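When a residue number appears, it is its place in the shown sequence, counting from 1. Because the structure is a prediction, the values reported are computed rather than measured.
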Amino acid sequence: MRISNGVKIAAVYASVFLGAGFASGQELIRYFVGFGPLGAVGLVVAGVLFAFTGWSVLAICRREKVYTYNGLMKHLLGKRLGIATEWLVAAFLFCLFVAMLAGAGAVARQAFQIPFTVGAGIVGLIVFIVLLFDLDGIVKINVFLAPLMIFGGFFVGLYSFLAASRPAFAMFGGLPSSWVVAAVVYASYNLVTGIPVLAATSRLATKKSDAAWGGILGGGVITLLGLSLALPLFLYYTDVVNIEIPLLSIVVNYGTFFSLLYLGVLISALLTTAACNGFAVMQWLHSHSSGRLGNKKTAAALLCLAGVGASHIGFSRIVAYVYPVFGLLGLFMIVIILLNGLGGKENEQK
């Protein structure tokens, strides 16, 4: 069965956001579940931002025939500001890549009693192999694992919610800031990573409909999956709010099958997000090294080795201190992209 380019883009786009923070439930609790019913509305707000920003990025890249992140930033912001923004985003992408390897090490140690370095190293090696196949490798791993992440996530989340016997939206302490602010911040820092990956995959958008489907379908999938995984967190909020992998602590109550299925979803999310972020960083390194790093294989090897080494900083530290810092940068990028995206005129024949 032939899969359309729009669906391929959507699979890659959605997979960027399905990292350790999302699949573990940590980000959902921090930015949505703590607000009770309004948190569900916040998830929809974030999903709308994902959908239309993604569509806009693809529309701009297709219209202007720019297929790299640095080309996109220079087009939108000019040479100097574009270069500065590009360097900041590259640093954040590397931090996220490291965070996914750190998350893999933590899962390996907690769930399988495997040493942290071994778990991070295995994922780093798999990512290296994927990067050897360039964009084709990224598309294939996401198309292959996306069904497990999406349908497995839906199944685990909905079953955990429906099988429970406690009232939903109970006993929430809430968070000090607005649920709207939380939703926008969440979308903003996630889009810092999503935009470069979309720019790199925009060459697949050979038709206007590919751009629309890629952005809207990708954003829609993230929204629905987020709501499904948030449902059991709403039920068990007071029990799991301080647990590192809250969804796993819920799923273990429903037997080995659900625990293994959830671990499959979590590991797939770690792997695909690491591959997507690693791909974006590799492209950036290769384009800026002027041949000093050799070919893309050398850049990929150096990236993965550095990532495994840096992963010992720890997943929770990276999430706590790095993610929010880039929220303002992401918000700035969202505004610029939406203003230049869907309202622009197409300069080519359809």
Side-chain angles (χ1 to χ4, degrees), residues 1-24 54 58 67 69 93-94 96-105 107-108 119-154 190 193-205 210 213-214 217-218 221-222 225 260-286 295-297 299-305 307-308 311:
M1 180 181 68
R2 184 180 179 275
I3 301 174
S4 72
N5 284 348
V7 174
K8 290 179 181 178
I9 294 170
V12 174
Y13 186 38
S15 298
V16 173
F17 307 122
L18 295 175
F22 185 95
S24 68
L58 293 167
Y67 305 115
Y69 180 66
L93 287 169
F94 178 72
L96 289 177
F97 174 69
V98 172
M100 294 306 105
L101 297 184
V107 170
I122 290 173
V123 171
L125 178 61
I126 295 173
V127 170
F128 171 69
I129 294 171
V130 171
L131 294 180
L132 292 180
F133 296 92
D134 207 64
L135 178 60
D136 188 52
I138 296 297
V139 170
K140 285 183 176 179
I141 191 173
N142 280 284
V143 169
F144 178 72
L145 292 178
L148 170 61
M149 291 188 292
I150 294 168
F151 294 110
F154 280 136
N190 272 285
T193 64
I195 292 167
V197 173
L198 273 180
T201 57
S202 62
R203 72 188 77 167
L204 294 174
D210 292 333
W213 276 111
L217 184 59
V221 166
I222 285 295
L225 184 56
L260 292 175
L261 178 60
Y262 172 71
L263 283 171
V265 171
L266 180 58
I267 292 170
S268 297
L270 285 164
L271 183 57
T272 54
T273 304
C276 287
N277 288 326
F279 174 69
V281 176
M282 182 189 73
Q283 294 285 91
W284 184 85
L285 284 173
H286 182 70
N295 55 28
K296 288 185 179 180
K297 293 180 181 179
L302 292 173
L303 171 68
C304 292
L305 287 172
V308 172
S311 68

To the closest 0.5 Å, what do you measure between CG (L305) and CZ (F128)? 8.5 Å
Hey, are the side chains of V98 and V308 touching, using non-hydrogen atoms and a 4.5 Å cut-off? no
The single option from I122, L132, L271 passing side chain to side chain contact (heavy atoms under 4.5 Å, CB included) against V127: L271
Counting distance only, does the side-chain N/O of N5 pair as donor-acceptor with the main-chain N or O of L204 below 3.5 Å? yes
Output for pair (F97 CZ, L303 CG), nearest 0.5 Å, gives 4.0 Å
When rounded to the nearest 0.5 angstrom, what is the spacing between CG in L96 and CG in L101? 11.0 Å
Where V221 and A14 come nearest, the two heavy atoms and their spacing: CG1-CB, 4.3 Å
Non-hydrogen atoms of D134 and M282 that approach each other most closely: OD1-CE, 3.8 Å
Roughly how far, to the nearest 0.5 Å, is the OG1 atom of T272 from the CD1 atom of I138? 9.5 Å
Specify the closest pair of heavy atoms between G119 and A104, including all atoms of both residues, with the distance to one decimal. O-CB, 4.1 Å
Are the side chains of V123 and L270 in contact, using a 4.5 Å heavy-atom criterion? no
When rounded to the nearest 0.5 angstrom, what is the spacing between CG in D136 and CD1 in I141? 12.0 Å
Would you name the heavy atoms of L58 and D210 that are closest together and state the gap between them? CD1-O, 4.5 Å
Could you tell me the separation between the OH atom of Y13 and the CD1 atom of I195, rounded to the nearest 0.5 Å? 7.5 Å
Heavy atoms only: give me the nearest P196-A280 pair and the separation to one decimal. CB-CB, 4.2 Å
Least distance between heavy atoms, L131 atom then A275 atom: CD2-O, 4.0 Å
